[in-house]
Number of protein chains: 2
Amino acid sequence: MELDDRKLKILTAIIRNYLETGEPVGSRTISKDSDLNLSSATIRNEMSDLEEMGLIVQPHTSAGRIPSDKGYRLYVDMMLKEKEEELNNLKVELNAKSEKLDTILKEAAKVIADSTNYASMITVPQYRSKKIKFIQLTQVDYSSILCVVVLDGNIIKNMMVPCDRELPQDAILKLNLMMNTFLQGLDMQEINVSVMQKLRTEASEYSALISDILDAVAKCLEEQGVEAYTSGSTNIFKYPELNESGKATNLLYALEEKKQLTELMYKEGDKDRGIQVYIGEENPIEATKDCTLVTATYHLEDGVYGKIGILGPRRMDYEKVVGTLRNLMSELDGIFHKE
Amino acid sequence: MELDDRKLKILTAIIRNYLETGEPVGSRTISKDSDLNLSSATIRNEMSDLEEMGLIVQPHTSAGRIPSDKGYRLYVDMMLKEKEEELNNLKVELNAKSEKLDTILKEAAKVIADSTNYASMITVPQYRSKKIKFIQLTQVDYSSILCVVVLDGNIIKNMMVPCDRELPQDAILKLNLMMNTFLQGLDMQEINVSVMQKLRTEASEYSALISDILDAVAKCLEEQGVEAYTSGSTNIFKYPELNESGKATNLLYALEEKKQLTELMYKEGDKDRGIQVYIGEENPIEATKDCTLVTATYHLEDGVYGKIGILGPRRMDYEKVVGTLRNLMSELDGIFHKE
DNA sequence: TATTAGCACTCGACGTAATTGAGTGCTAAC
DNA sequence: GTTAGCACTCAATTACGTCGAGTGCTAATA
């Protein structure tokens with residue numbers, strides 16, 4: 001069957017209406033609301049066709065129709081194409097002056113959740129293959145050494161390493177020089193046994209200390225249990241269709257146990273700079289099969305990226321969400337690439 | 001009226017039973033369950049007395065009784081006294097080897113939530129009056145300076161300060177020396193205008209840079225929006241009496257908007273090293289008036305403390321909760337004071 | 001041929017009894 | 001002081017009737 005112009009108009013009218021009300025929409029409503037000037041009977045015939053095409057479904061006989069996943073998909077695809085250039089004018093309230101990365105991200109999640117009324121989550125970028133730019137050791141007191149590591153992209157990590165005595169000033173200087181000479185420009189994989197061996201030989205009497213420090217560095221750099229922040233998870237209670245018995249609980253659980261979500265968010269890789277929409281059953285996570293998930297990728301710099309996602313009911317205000325996300329992406333870009 | 005031994009036994013039997021089932025408990029149940037060997041009629045008479053004393057209430061005529069806040073209070077006080085020395089043997093799975101503080105705390109919250117099946121939250125200690133122990137400036141690349149500040153208690157803060165040119169090595173050394181000379185041992189309040197003035201004069205040509213750095217330091221130290229982590233917030237869905245319509249939503253909202261909770265958790269100060277129990281209406285926060293909140297204070301070192309809280313239904317397994325908290329407190333003590 | 005009006009039919013939602021059963025208080029007997 | 005028995009209460013559950021939004025089909029109309 002052909003999806004002609006009129007059918008399309010009716011479909012979008014149905015979807016729009018359903019997004020607003022959350023109630024199945026009947027032929028009479030469309031007949032009155034839209035500017036098609038058709039009787040409800042005609043609409044009924046068309047709706048019957050649309051149902052046959054799998055774009056809308058009836059929750060039960062003698063109820064109105066609601067969009068199917070396929071119907072949403074059509075609508076979203078259309079909208080994405082249409083809105084390609086348009087930018088929503090939401091004022092993002094990120095006051096991002098040199099705040100820490102995770103503060104910015106938390107704030108971003110909050111902004112998104114507040115302005116869309118859906119639940120949002122954002123993952124912290126991974127620095128899998130970051131190189132060491134700079135290492136600094138300092139004796140802070142008689143029993144501990146502070147070790148600061150700066151990675152490409154000015155990611156700073158620091159840790160305390162215990163030691164058993166106070167080192168003379170020149171020893172510290174020497175160790176610093178050594179560490180930087182041997183480790184600068186290397187990433188984690190490249191710090192192998194031979195490098196460590198060399199360092200230890202060179203350090204002679206401080207070889208044990210060097211071991212401790214290297215351990216600390218390694219541990220600190222590996223410490224990348226893909227972190228994520230969520231916000232507005234209680235928003236899902238605003239949508240009755242998600243609020244049924246078990247569903248909301250499962251969703252909240254999934255949001256709290258961010259693991260699955262982050263996995264999903266990374267699955268797609270960073271190829272796509274664009275916006276991804278998963279509708280209902282398209283959703284790879286069981287708990288979210290009654291929802292729509294919209295994700296966008298932001299880039300801190302080449303190869304360092306994270307994702308931000310919005311989770312809401314199928315009847316999500318797609319236009320607003322996409323607009324908000326686009327806007328936020330450009331804000332984040334501005335913040336991260338301002339230098 | 002006198003609260004004799006038999007009444008007490010009946011009361012605890014009622015409470016225990018209600019903790020298990022969540023249903024109002026009737027005279028017949030007690031008559032059968034407990035080892036008192038009394039008929040339900042006798043129990044009824046006693047229950048009538050207990051009700052008169054305000055220790056139990058009837059949700060409605062012809063329903064069983066449930067403990068009132070006062071009844072819980074009696075029970076908890078008894079239990080706290082009884083269990084004073086006893087330590088629950090929960091194996092805390094904190095593998096705390098030199099992990100970062102916030103990782104430990106997050107983990108602690110999770111352990112508590114998992115093992116009790118209630119919601120938990122933990123606040124990150126504040127370092128309000130911490131003194132600067134050590135400051136280190138390093139030029140990382142031509143346009144940025146890394147500033148590391150170590151506070152009493154080995155709290156490390158760091159930040160990047162932009163600068164407009166590469167500084168000569170000896171300038172950096174001089175600045176470092178200056179900063180440490182002037183700022184060491186001071187806390188935030190003590191870094192006043194006169195100190196800053198002196199520093200800037202001393203720094204002569206780098207006076208602008210010094211300003212930037214001081215700003216960064218100040219900002220970084222002030223950055224103490226009492227943080228908190230929550231875990232297991234979805235657990236509250238396990239208790240039907242909290243799961244009613246709006247209640248759960250409000251609770252979740254309160255848990256997400258940690259602000260109120262952290263306020264509460266700090267209100268009490270750090271005088272009490274012990275365990276606090278707020279039952280129902282005793283709860284200072286509106287949203288939690290249907291819950292019991294149990295808090296405990298942990299100490300990182302003198303004057304640096306945080307609280308951990310467990311939020312659950314009134315019918316909380318008080319013994320388990322108190323045991324678990326006591327145990328965790330001692331674990332944390334072990335971790336923080338091992339050196 | 002496409003559109004529309006009209007009508008019978010379906011089925012969830014809602015409101016109002018009727019029924020059930022756990023539990024109580026009271027009284028009289030033990 | 002304790003217990004058995006009985007009448008009473010009341011939330012919860014079930015059953016049932018009504019309502020109305022919405023459909024599909026058919027016949028009339030443009």
Side-chain angles (χ1 to χ4, degrees), chain A residues 1-11 13-15 17-18 20-68 240-241 243-245, chain B residues 1-11 13-15 17-18 20-68 240-241 243-245:
Chain A
M1 191 170 320
E2 187 67 40
L3 184 69
D4 58 20
D5 194 52
R6 195 170 73 174
K7 281 189 174 46
L8 199 60
K9 268 189 182 144
I10 292 174
L11 178 63
I14 293 172
I15 295 184
N17 192 291
Y18 182 65
E20 260 181 51
T21 64
E23 297 292 315
V25 8
S27 51
R28 192 127 180 290
T29 317
I30 300 299
S31 158
K32 276 187 297 184
D33 277 16
S34 77
D35 45 359
L36 291 158
N37 279 330
L38 292 172
S39 80
S40 62
T42 314
I43 303 287
R44 274 204 288 285
N45 291 331
E46 295 287 38
M47 279 166 107
S48 172
D49 290 353
L50 286 171
E51 179 156 21
E52 203 176 308
M53 295 161 78
L55 295 170
I56 53 181
V57 291
Q58 251 179 315
H60 57 85
T61 342
S62 85
R65 310 300 219 286
I66 62 176
S68 69
E241 67 267 46
N243 206 344
E244 284 168 22
S245 55
Chain B
M1 191 170 319
E2 187 67 38
L3 183 71
D4 59 18
D5 194 53
R6 196 171 73 175
K7 281 190 174 47
L8 200 59
K9 269 190 183 143
I10 292 175
L11 178 63
I14 293 173
I15 295 184
N17 192 291
Y18 182 65
E20 261 181 52
T21 65
E23 296 292 316
V25 7
S27 53
R28 193 130 180 290
T29 317
I30 300 299
S31 157
K32 277 188 295 184
D33 278 17
S34 77
D35 45 359
L36 291 157
N37 278 329
L38 292 172
S39 79
S40 61
T42 314
I43 303 286
R44 272 205 289 288
N45 291 332
E46 295 286 36
M47 279 167 105
S48 172
D49 290 352
L50 286 172
E51 179 156 22
E52 201 177 310
M53 294 161 78
L55 295 170
I56 53 180
V57 290
Q58 251 178 315
H60 57 85
T61 345
S62 85
R65 309 302 219 285
I66 62 175
S68 69
E241 68 267 43
N243 205 345
E244 282 169 24
S245 56

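Each chain gets a letter, A, B and so on, in the order the sequences are listed, and its residues count up from 1.
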Answer whether the closest heavy-atom distance between the side chains of [X] and [Y] falls below 4.5 Å.
{"X": "I15(B)", "Y": "P67(B)", "value": "yes"}
{"X": "I66(B)", "Y": "V57(B)", "value": "yes"}
{"X": "I14(A)", "Y": "I30(A)", "value": "yes"}
{"X": "E46(A)", "Y": "I43(A)", "value": "no"}
{"X": "E51(A)", "Y": "L55(A)", "value": "no"}
{"X": "E20(A)", "Y": "V25(A)", "value": "no"}

- request: Please determine, by modelled atom types, if R28(B) and S40(B) share a side-chain donor-acceptor pair under 3.5 angstrom.
  value: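 Checked: R28(B)/S40(B) side chains show no N/O donor-acceptor pair below 3.5 Å.
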For [X], which contact category applies under a 4.0 Å heavy-atom criterion: base, sugar-phosphate, or nothing?
{"X": "S40(B)", "value": "nothing"}
{"X": "A63(B)", "value": "sugar-phosphate"}
{"X": "T42(B)", "value": "base"}

Side chain of [X] only, heavy atoms from C-beta on: which candidate in [options] is closest?
{"X": "A41(B)", "options": "dA4(D), dC10(D), dG24(D)", "answer": "dA4(D)"}
{"X": "T61(B)", "options": "dA11(D), dT2(D), dT9(D)", "answer": "dT9(D)"}
{"X": "L38(B)", "options": "dT23(D), dC11(C), dT3(D)", "answer": "dT3(D)"}

Separation of atom [atom1] in [X] from atom [atom2] in [N], rounded to whole Å:
{"X": "E23(B)", "N": "dA12(D)", "atom1": "CD", "atom2": "C1'", "answer": "11 Å"}
{"X": "N17(A)", "N": "dA21(D)", "atom1": "CG", "atom2": "P", "answer": "15 Å"}
{"X": "D4(A)", "N": "dA2(C)", "atom1": "CG", "atom2": "P", "answer": "11 Å"}
{"X": "R65(A)", "N": "dC11(C)", "atom1": "CZ", "atom2": "P", "answer": "14 Å"}
{"X": "R44(A)", "N": "dG22(D)", "atom1": "CZ", "atom2": "P", "answer": "10 Å"}
{"X": "R28(A)", "N": "dG22(D)", "atom1": "CZ", "atom2": "P", "answer": "9 Å"}
{"X": "N45(A)", "N": "dT1(C)", "atom1": "CG", "atom2": "P", "answer": "15 Å"}
{"X": "H60(A)", "N": "dC9(C)", "atom1": "NE2", "atom2": "C1'", "answer": "15 Å"}

query: Given that S39(B) and S62(A) both sit by DNA chain D, which one's nearest nucleotide is further toward the 5' end?
result: S39(B)
statement: Expected list for residues 46-55 of chain A near DNA chain C, using heavy atoms below 4.0 Å, is none
